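Bear in mind that the values here come from a model prediction, so they are computed numbers and not experimental data. Note: hydrogens, waters and symmetry copies are ignored here, and every other heavy atom, side chains too, is used. One-based numbering along the sequence shown.
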Amino acid sequence: MSAIRVDSAKPYFATSSLVIGYALCSSLLAVINKFAITKFNYPGLLTALQYLTSALGVWGLGKSGFLHHDPFTWQTAKKFLPAALVFYLAIFTNTNLLRHANVDTFIVFRSCTPLLVALADTAFRKQPIPSKLTFVSLLIILGGAVGYVATDSGFTLTAYSWAFAYLVTITTEMVYIKHMVTNLGLNTWGFVLYNNLLSLMMAPPFWIITGEYSDVFAALGSNAANFFEPGALFAVSLSCVFGLLISFFGFAARKAISATAFTVTGVVNKFLTVAINVLIWDKHASPFGLLCLLLTIVGGVLYQQSVTGVSSAPSQRETTVSKQPLSEDDG
């Protein structure tokens, strides 16, 4: 009996470890990126360096035998390209949202995604309709986030435009990448390699569209030493390392849990980001706003309780399907 209990507990602890790893990386990466963008004010180049580090890291560790990833082929890349494009657009709109708004504005729009993802999962991926308790918990998350940000009046039309674009792309990304993870048949490190390498290829056109390339060249021409300051080098290097870590934990967590649960995890782990934001920045919400943030976390806990018993069977089915290599016709 004890051996059976240990064997049955292994999947639970494995899933919990992946979710905790993703939560820590996601929370700390937001803070680290805030620090990095302060020292190195070129968000497009910064994210491209993160993509490069992740792609080279997976390729190098694969060559050394420390991990196994699926080989890169253009045939598979063509299938993965739409997902990589959606992912890049989500990062692109997220970065511009943070450039034009504060962390509070980002959190409220990020917190809107679980409800939208739940609706999208039901409408497009034919998932079971969430229970009433699940919807109540999602509405609590949304209400707490709205109350939190309502204490801050620093909104602009530009910020709201980027926020709306981010909301659309991140919701699409959450549902569509979950579909790719389930049906494409790559292992976790294969997804990390394809996602980051294709995103790196898409970076130069967006540098031209946003005009960031001219800012970089102007900075290089006027004061190239700023690119090699120890503080900037440390911040960029740290963000790149955490970019690799969150790539692994992010894709692994997508396989282990549903798209809505994955999104809620991303919302709840913003608590650490906000806590650090209160300590190191002077622009943050009032005590009432922090109370609303606790309400958001309570909603996340209620959601987890509402789906624990109901989603165990579908989760096992999705995990089994995601591990099966699919044919081209199935794709």
ask   = In Å, rounded to the nearest 0.5 Å, how long is the span from OH of Tyr166 to CG of Leu89?
value = 13.0 Å

key: pair Phe92-Trp162: side-chain heavy atoms closer than 4.5 Å   = yes

key: N/O donor-acceptor pair under 3.5 Å between Glu212 side chain and Gly44 backbone   = yes

query = If you round to the nearest 0.5 Å, how far is CG of Leu81 from CE of Met202?
reply = 6.0 Å

query = Which word best sums up how the rings of Phe35 and Phe234 line up, parallel for under 30°, tilted for 30 to 60°, or perpendicular for over 60°?
reply = perpendicular

ask   = Taking a hydrophobic cluster as the set of Ile, Leu, Val, Met, Phe, Trp and Tyr residues connected by side-chain heavy atoms closer than 4.5 Å, whether directly or through intermediates, do Val146 and Leu139 fall within one such cluster?
value = yes

ask   = Should Leu245 and Phe87 be regarded as members of a common hydrophobic cluster, given that ILVMFWY residues are connected when their side-chain heavy atoms come within less than 4.5 Å of each other, either directly or indirectly?
value = no

task = Would you name the heavy atoms of Leu52 and Leu200 that are closest together and state the gap between them?
result = CD1-CD2, 3.8 Å

Worked check of side-chain contact (heavy atoms from CB on, under 4.5 Å) between Phe40 and Leu233 = CA-CA 8 Å; Phe40 190 77; Leu233 182 61; over 6 Å; no

Min side-chain heavy-atom separation Asp70-Leu193 under 4.5 Å = no

ask   = Is there a path from Val86 to Phe191 through hydrophobic residues (I, L, V, M, F, W, Y) whose side chains come within less than 4.5 Å of each other?
value = no

ask   = Is the shortest heavy-atom distance from the side chain of Tyr51 to the side chain of Ile91 under 4.5 Å?
value = yes

request  = Grab the two heavy atoms, one from Gly147 and one from Cys292, that are nearest each other, plus how far apart they are.
outcome  = C-SG, 3.5 Å

remark   = Output for pair (Tyr88 OH, Ser199 OG), nearest 0.5 Å, gives 8.0 Å

query = Roughly how far, to the nearest 0.5 Å, is the NE2 atom of His69 from the CG atom of Asn187?
reply = 8.5 Å

ask   = Are Ile170 and Thr93 side-chain neighbours, meaning at least one heavy-atom pair lies under 4.5 Å?
value = no

ask   = Say you draw a straight line from CH2 of Trp59 to CZ of Phe72; how long is it, rounded to the nearest 0.5 Å?
value = 14.0 Å

request  = Would you mind telling me which of Leu46, Val241, Thr53 makes a side chain to side chain contact (heavy atoms under 4.5 Å, CB included) with Val236?
outcome  = Leu46

ask   = Does some side-chain heavy atom of Leu142 sit less than 4.5 Å from a side-chain heavy atom of Leu138?
value = no

key: ILVMFWY cluster, Leu56 and Leu197 together (side-chain gap under 4.5 Å)   = yes

inquiry  = Any heavy-atom pair between the side chains of Asn196 and Val192 that's under 4.5 Å?
reply    = yes

message = Is the shortest side-chain heavy-atom distance between Leu157 and Ser161 below 4.5 Å?
response = yes

inquiry  = Is there a path of hydrophobic side-chain contacts, each under 4.5 Å between heavy atoms, that joins Phe164 and Leu97?
reply    = no

query = Are Tyr22 and Ile246 close enough that some pair of their side-chain heavy atoms sits under 4.5 Å apart?
reply = yes

request  = Assess whether atom CH2 of Trp207 is packed by more than 12 heavy atoms of other residues, nucleotides or ligands within 6.0 Å.
outcome  = yes

query = How many angstroms lie between atom CD1 of Ile208 and atom OG1 of Thr210, to the nearest 0.5 angstrom?
reply = 9.0 Å

inquiry  = Please evaluate residues Thr76 and Thr73 with respect to the criterion side-chain hydrogen bond (donor to acceptor under 3.5 Å, both in side chains), reporting the C-alpha separation (whole Å), side-chain torsions for both, the decisive distance (0.1 Å), and the verdict.
reply    = CA-CA 5 Å; Thr76 304; Thr73 62; 2.9 Å; yes

ask   = How close do Leu18 and Phe249 get, heavy atom to heavy atom, and via which atoms?
value = O-CD2, 3.7 Å

